[in-house]
Amino acid sequence: EYAHLKVRYKLPGQPTSLLMSQPITHQHARTVETAPESTRWAMAVAGFGQKLRGDAWLEDWFGWDDVEHLAQGARGEDPYDLRAEFVQLVRAARDGRGVNE
């Protein structure tokens with residue numbers, strides 16, 4: 001057991017809350033590659049922010065290329081090219097270029 005998730009919620013109009021409780025075990029674990037697209041995208045964006053600020057909690061083995069790989073693999077539908085622009089920001093940060101260069 002890695003963790004124990006507890007969520008308490010209240011249905012509209014009800015006076016008492018209900019508790020949902022679930023242990024998180026190795027059976028719930030996924031690899032990054034099998035995670036949903038939205039999760040992989042969120043990981044890429046979070047990793048980008050952590051890399052920019054030099055977060056000590058981010059492992060040395062997770063570099064700019066890893067952020068780019070995650071983002072590229074999770075671009076999905078991008079009708080306004082916002083995700084493509086994000087990938088360009090990752091590349092600029094990796095290469096030490098300013099955003100406006």
Side-chain angles (χ1 to χ4, degrees):
E1 185 174 302
Y2 298 123
H4 200 91
L5 177 67
K6 294 181 180 182
V7 177
R8 187 170 286 282
Y9 66 97
K10 191 185 294 186
L11 295 171
Q14 297 295 315
T16 58
S17 63
L18 302 170
L19 175 66
M20 290 181 6
S21 180
Q22 173 73 44
I24 308 299
T25 66
H26 70 281
Q27 295 170 337
H28 295 99
R30 292 185 176 181
T31 63
V32 172
E33 293 80 21
T34 62
E37 179 184 292
S38 59
T39 300
R40 289 181 284 125
W41 181 257
M43 289 172 64
V45 172
F48 178 71
Q50 286 180 285
K51 293 293 289 179
L52 282 179
R53 71 177 198 196
D55 194 324
W57 289 99
L58 194 63
E59 298 289 336
D60 291 336
W61 52 263
F62 190 76
W64 289 111
D65 290 339
D66 300 306
V67 174
E68 180 184 359
H69 177 75
L70 260 178
Q72 280 285 35
R75 279 178 54 181
E77 290 193 31
D78 191 14
Y80 301 106
D81 292 328
L82 297 176
R83 291 185 178 200
E85 187 174 341
F86 174 78
V87 172
Q88 292 303 318
L89 287 173
V90 172
R91 289 177 182 156
R94 177 196 61 209
D95 298 340
R97 299 186 317 245
V99 175
N100 294 325
E101 291 182 13

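Values below: all heavy atoms of this structure, side chains included; hydrogens, waters and symmetry mates excluded.
- Here the CZ-CG distance, from R97 to L89, works out to 10.0 Å after rounding to the nearest 0.5 Å.
- The closest side-chain heavy-atom distance from F48 to L70 is not below 4.5 Å.
- In this structure P15 satisfies the side chain to side chain contact (heavy atoms under 4.5 Å, CB included) test with no other residue, sequence neighbours excluded.
- Between the NE2 atom in H69 and the CG atom in D66 there is a gap of 8.0 Å [rounded to 0.5 Å].
- For residues 6-19, the pairs satisfying side chain to side chain donor-acceptor pair (under 3.5 Å) are R8-S17, with sequence neighbours left out.
- A search for side chain to side chain contact (heavy atoms under 4.5 Å, CB included) contacts involving E1 returns H4, P23, not counting sequence neighbours.
- Linking ILVMFWY residues whenever their side-chain heavy atoms come closer than 4.5 Å, directly or via other members, leaves V45 and W57 in distinct clusters.
- Scanning all heavy atoms of the two residues, the minimum distance from F86 to A44 falls at CZ-O, 3.9 Å.
- Heavy atoms only, all atoms of each residue included: A71 and W41 are closest at O-CZ3, 3.5 Å.
- Across all non-hydrogen atoms, the minimal contact from G73 to R40 is O-NH1, 2.7 Å.
- For the pair A93 and L52, the tightest heavy-atom approach, listed with the atom from each and the gap, is CB-CD2, 4.1 Å.
- One hydrophobic cluster, built from ILVMFWY side chains closer than 4.5 Å, cannot hold both V90 and L82; they sit in different ones.
- Annotation: side chain to side chain donor-acceptor pair (under 3.5 Å) contacts involving residues 42-55, sequence neighbours excluded, comprise Q50-D55, R53-D55.
- Residues passing the side chain to side chain contact (heavy atoms under 4.5 Å, CB included) test with A46, sequence neighbours excluded: none.
- Applying the side chain to side chain donor-acceptor pair (under 3.5 Å) rule to pairs touching residues 71-80 yields Q72-R75, sequence neighbours excluded.
- The main-chain N or O of V67 is never found under 3.5 Å from a side-chain atom of R94 such that the two would form a donor-acceptor pair.
- In the hydrophobic clustering of this structure, V7 groups with I24; members are Ile, Leu, Val, Met, Phe, Trp, Tyr whose side-chain heavy atoms approach within less than 4.5 Å, directly or through other members.
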